[in-house]
Each structure stands twice: as C-alpha cells, then as structure tokens.
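Numbers for residues simply follow the sequence, beginning at 1. Since this is a predicted model, take the numbers as computed values, not measurements.
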Amino acid sequence: MLGIQKSKNLSKSSYILICTALVGLLGACSNASNPTNESANSLWSDIQEKGTIVVGTSGTLYPTSYHAEDSDELTGYEVEVLREIANRLDLEVEFSEMGIDNLLTAVDNGRVDIAANDIDITDERKEKFNFSDPYKHSYGSAIVRSEDLSGIETLDDLDGKKAGGAATTIYTQIGIEHGAEEVIYDNVTNDTYLRDVENGRLDVILNDYYLQSLAVEALPEIDVVVHPTLAYFPNSQGIIMKKGEDELQEQINGVIGDMLEDGTISDISQQFFGGADVSVEPDIDIEE
C-alpha cells in the first residue's frame with residue numbers, strides 16, 4: 001500500500017491537495033488496468049458464453065414457423081434460416097414458442113435473445129428495437145370468401161368488415177385504419193382463420209401475400225381465396241432483438257449477408273414458398 005509521509009515543511013493545505021491528486025491518479029490507473037468494456041456485458045457475449053441463442057417464434061405460422069404434420073418437429077422458412085445462422089455462428093439454437101402478441105415483450109424483457117416470426121421492419125419498431133438486415137420481402141393481401149370476395153375491392157371497402165388477426169400486427173392496424181372491426185385471435189393455426197371466413201364469422205384476413213397463398217393452397221377444402229387484385233403495404237421482414245445490442249446485430253447481419261450471397265436463403269425460400277424466392281423484392285405494382 002502506498003503511503004505519504006508528511007514533511008515538516010509541507011503545509012496542511014498542500015498535503016491535502018497532494019493526497020487528493022494521488023487518489024485521482026490511482027483511480028485512473030485502476031480504470032486503465034480494468035477498463036469498462038461495454039461488449040463484455042453485451043447480449044452477444046452472454047450468448048457466446050452459454051453457446052446457445054434463444055429464439056422466440058410462434059410455431060403456428062405456416063410456412064415460416066410451424067410443426068410438420070404428424071410431428072413435433074418445428075420447421076419453416078425462418079426456423080431453418082435461424083438454424084443455419086446459429087450453425088455459422090457456432091451456436092446451438094433453442095426455440096421458445098409463444099403467441100405472436102408476446103414476442104416483442106419477450107425480446108424486451110430478455111426472455112428470448114431474438115425473435116423471428118414474419119416480423120415486419122418498420123420505422124416505429126426500429127425506434128424501440130434493433131433489426132437484422134431483411135431476408136424476406138413481400139406485400140399485403142387478403143383472404144376473402146370465394147363467392148363474392150367478401151364485398152371487398154379496395155382497402156376502403158374494409159369499413160365495417162370483420163377482420164381477423166393478432167392484436168399487435170401491422171395488418172390488424174391497417175384494418176383498423178380503414179374502418180374494419182377487429183376480431184382478435186391468440187396464436188391459432190391457419191385452418192381456424194380460414195374456416196371463420198368461410199362461415200361468415202370473419203369477412204377478411206389481412207396478411208402477407210406469400211403466407212396467405214400457401215395457406216389457401218394447403219387447405220383446398222375451405223371455400224376461400226386470396227384476393228386477386230388487392231396488393232398493398234410493401235414490406236420486409238427480419239430478426240428482431242433488444243435495442244442497443246449492436247454487436248449481436250452485426251454478427252447476425254454478417255451471416256445473413258453471406259447466406260444471401262451464396263444462395264442459401266434463396267434455396268430455403270424455394271423449399272418453403274413453392275419455388276418462390278422471397279429473399280428478393282417482388283416485381284409487382286403495390287399500393288403504398
């Protein structure tokens with residue numbers, strides 16, 4: 001321990017000043033030898049240490065996150081993209097299934113590290129969360145009754161219609177903005193939605209074009225269709241994570257960039273979207 005011997009010729013005030021300066025110097029030395037390393041306490045560092053990344057997803061959204069028929073296996077476009085990202089980052093991946101309405105809260109409170117479930121990248125969400133670079137591009141469409149398209153030609157015709165969806169989605173908000181009566185569902189599968197349009201409990205389901213096309217194709221016994229002319233809300237999807245986790249975002253973006261360049265994401269897309277490549281922007285006129 002360092003000590004200071006008081007000189008007979010040293011005034012009391014000078015002695016106090018020297019002691020104060022020395023304390024400051026020792027503090028500076030301590031900080032230099034043990035610098036505050038923000039990344040040491042980052043989520044990315046924690047993930048690396050445990051060797052596992054926890055991903056929130058619904059497990060009910062075909063074909064992006066669902067259970068294969070007669071199997072407990074979770075699969076889907078985003079599930080398989082996440083598995084490959086984790087593999088390239090030398091991590092195990094653990095999926096935590098929950099309702100869509102709970103995903104953002106789970107990211108925010110740390111229950112999951114990231115979430116992926118066809119989550120639209122919006123300016124409003126980017127103020128509260130970090131997003132990866134997009135790996136899916138799409139636009140909005142509508143599932144309606146086959147016989148009369150539920151009386152809908154444009155978004156303005158949603159006024160007074162019963163629109164089904166989850167409470168926190170962009171599509172539910174679009175419906176409300178155009179006067180639709182929202183009917184909220186909690187993490188149900190596609191057949192529930194489609195049958196409720198067929199039987200009149202709902203008039204319309206607003207959602208992603210690719211997801212809706214595949215859902216209708218997978219359930220041909222239900223008398224509904226994807227609206228033939230309604231195209232709106234061009235959008236992109238990515239992985240969402242807590243705001244400020246820039247190192248984790250950088251690591252994930254690096255791998256996504258590699259996977260887009262080497263065609264891996266395109267191959268996974270074609271596997272789950274009937275040959276369509278959702279990793280590129282659709283070539284179609286879309287109402288903004």
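- Side-chain N/O atoms of Asp208 and Ser138 include a donor and acceptor closer than 3.5 Å.
- Looking only at side-chain heavy atoms (C-beta outward), Glu78 and Asp118 come within less than 4.5 Å of each other.
- More than 12 heavy atoms of other residues, nucleotides or ligands lie within 6.0 Å of CZ in Arg83, so this atom counts as buried by the packing criterion.
- Of all non-hydrogen atoms in Tyr210 and Ala276, the two that sit nearest each other are CE2-CB, 4.1 Å.
- Other residues sharing the hydrophobic cluster of Ile240, ordered by chain and number and joined by side-chain separations under 4.5 Å: Val54, Met98, Leu103, Leu104, Val107, Val112, Ile119, Ile121, Phe129, Phe131.
- At a cut-off of 3.5 Å, with distance as the only test, no side-chain donor of Ser132 or Asn253 sits close to an acceptor on the other residue.
- Remark: aromatic rings of Tyr171 and Phe233 are close, center separation under 6.0 Å.
- Although no hydrogens or angles enter the test, the distance criterion places no donor-acceptor pair under 3.5 Å between the side chain of Arg195 and the main chain of Ile222.
- If you take CD1 on Ile252 and CG on Leu89, they are separated by 7.0 Å, rounding to the nearest 0.5 Å.
- The distance from atom CG of Asp246 to atom CG of Leu43, rounded to the nearest 0.5 Å, is 11.5 Å.
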| request: Show the numbers, then the answer: is there a side-chain contact (heavy atoms from CB on, under 4.5 Å) between Ile170 and Asn235? | output: CA-CA 10 Å; Ile170 295 297; Asn235 57 76; over 6 Å; no
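- For the pair Ile152/Lys161, a side-chain contact is recorded, criterion being any heavy-atom separation below 4.5 Å from C-beta on.
- If you check the side chains of Gln173 and His178, you find no donor sitting under 3.5 Å from an acceptor.
- Side-chain contact between Leu230 and Tyr232: present, with at least one pair of heavy atoms (C-beta onward) separated by less than 4.5 Å.
- You'll find the side chain of Pro63 reaches within 4.5 Å of the side chain of Leu211, heavy atoms only.
- The shortest non-hydrogen separation linking Asp186 to Gly99 is OD1-CA, 4.4 Å.
- Counting only N and O atoms by type, the side chains of Thr75 and Glu80 include a donor and acceptor under 3.5 Å apart.
- Between Asp191 and Leu194, every side-chain heavy-atom pair lies at or beyond the 4.5 Å cut-off.
- Separation of atoms CD (Glu198) and CD1 (Ile143) is listed at 12.0 Å; rounding is to 0.5 Å.
- Looking at heavy atoms from C-beta onward, Asp196 lies in side-chain contact with Tyr185 at the 4.5 angstrom threshold.
- Summarising the geometry, atom CG belonging to Leu248 is positioned 9.5 Å from atom CD belonging to Gln48; distances are rounded to the nearest 0.5 Å.
- Note on Val280 and Ile284: separate hydrophobic clusters, where clusters join Ile, Leu, Val, Met, Phe, Trp and Tyr whose side-chain heavy atoms are under 4.5 Å apart, directly or indirectly.
- The shortest non-hydrogen separation linking His137 to Ser236 is ND1-OG, 2.8 Å.
- Between Leu214 and Gly274, the shortest heavy-atom contact is CD2-N, 4.4 Å.
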| message | Could you walk me through whether Glu181 and Lys162 satisfy the side-chain contact (heavy atoms from CB on, under 4.5 Å) test, starting with their C-alpha distance in whole Å, then the side-chain angles of each, then the deciding distance to 0.1 Å, before giving a yes or no? | response | CA-CA 5 Å; Glu181 175 189 341; Lys162 292 173 290 185; 3.7 Å; yes
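- Within a 6.0 Å radius of CD in Glu49, no more than 12 heavy atoms belonging to other residues, nucleotides or ligands are found.
- Within a 6.0 Å sphere centred on CG of Asp148, other residues, nucleotides and ligands contribute more than 12 heavy atoms.
- From Leu206, atom CG reaches atom NE2 of His227 across 10.5 Å, with rounding to the nearest 0.5 Å.
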Atom pairs and distances, donor-acceptor, side-chain atoms in residues 257-266, under 3.5 Å, two or more places apart:
{"residue": "Asp262", "atom": "OD1", "partner": "Thr264", "partner atom": "N", "Å": "2.9"}
{"residue": "Asp262", "atom": "OD1", "partner": "Thr264", "partner atom": "OG1", "Å": "2.6"}
{"residue": "Asp262", "atom": "OD2", "partner": "Arg88", "partner atom": "NH1", "Å": "3.0"}
{"residue": "Asp262", "atom": "OD2", "partner": "Arg88", "partner atom": "NH2", "Å": "3.1"}
{"residue": "Thr264", "atom": "OG1", "partner": "Arg88", "partner atom": "NH2", "Å": "3.0"}
{"residue": "Ser266", "atom": "OG", "partner": "Gln270", "partner atom": "NE2", "Å": "3.0"}
{"residue": "Ser266", "atom": "OG", "partner": "Asp277", "partner atom": "OD2", "Å": "3.0"}

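- Remark: Glu127 pairs with no residue by the salt bridge (charged side-chain N to carboxylate O under 4.0 Å, His left out) rule, at least two apart or across chains.
- Every residue two or more places apart in sequence or in another chain was checked for a ring pair (Phe, Tyr, Trp, His ring centres under 6.0 Å) with Phe95, and none qualifies.
- Glu247 and Ser42 form a side-chain donor-acceptor contact under 3.5 Å, judged by distance and modelled atom types alone.
- The nearest pair of heavy atoms linking Pro282 to Tyr139 is CG-CD2, 3.9 Å.
- Here the side chain of Asp157 pairs a donor or acceptor atom with the backbone of Thr154 at under 3.5 angstrom.
- In Tyr209, the OH atom is not crowded: 12 or fewer heavy atoms of neighbouring residues, nucleotides or ligands sit closer than 6.0 Å.
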| Trace of the side-chain hydrogen bond (donor to acceptor under 3.5 Å, both in side chains) decision for Asn207 with Gln212 | CA-CA 7 Å; Asn207 211 316; Gln212 293 201 325; 5.6 Å; no
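- Using a 4.5 Å heavy-atom threshold, the side chains of Ile205 and Val197 count as touching.
- Looking only at distances, a side-chain donor or acceptor of Lys242 sits under 3.5 Å from a matching main-chain atom of Asp108.
- Here the closest non-hydrogen pair linking Val226 and Ser141 is CG1-OG, 3.1 Å.
- Residues Leu202 and Ile184 are members of separate hydrophobic clusters, defined by side-chain heavy-atom contacts under 4.5 angstrom among Ile, Leu, Val, Met, Phe, Trp and Tyr.
- The ring pair (Phe, Tyr, Trp, His ring centres under 6.0 Å) check on Tyr135 picks up nothing, with sequence neighbours excluded.
- For the pair Gln251/Ile47, no side-chain contact is recorded, criterion being any heavy-atom separation below 4.5 Å from C-beta on.
- Of the inter-residue distances, the one linking Glu250 atom CD with Asn130 atom CG reads 11.5 Å to the nearest 0.5 angstrom.
- No more than 12 heavy atoms of other residues, nucleotides or ligands shown are found within 6.0 angstrom of CD on Glu69.
- The hydrophobic clustering, which links ILVMFWY residues whose side-chain heavy atoms are closer than 4.5 Å, places Val81 and Ile100 apart.
- In the hydrophobic clustering of this structure, Ile176 does not group with Leu155; members are Ile, Leu, Val, Met, Phe, Trp, Tyr whose side-chain heavy atoms approach within less than 4.5 Å, directly or through other members.
- Without hydrogens or angle criteria, Ser150 side chain to Val204 main chain gives no donor-acceptor distance under 3.5 Å.
- For Lys50, the salt bridge (charged side-chain N to carboxylate O under 4.0 Å, His left out) test picks out Asp113, with sequence neighbours left out.
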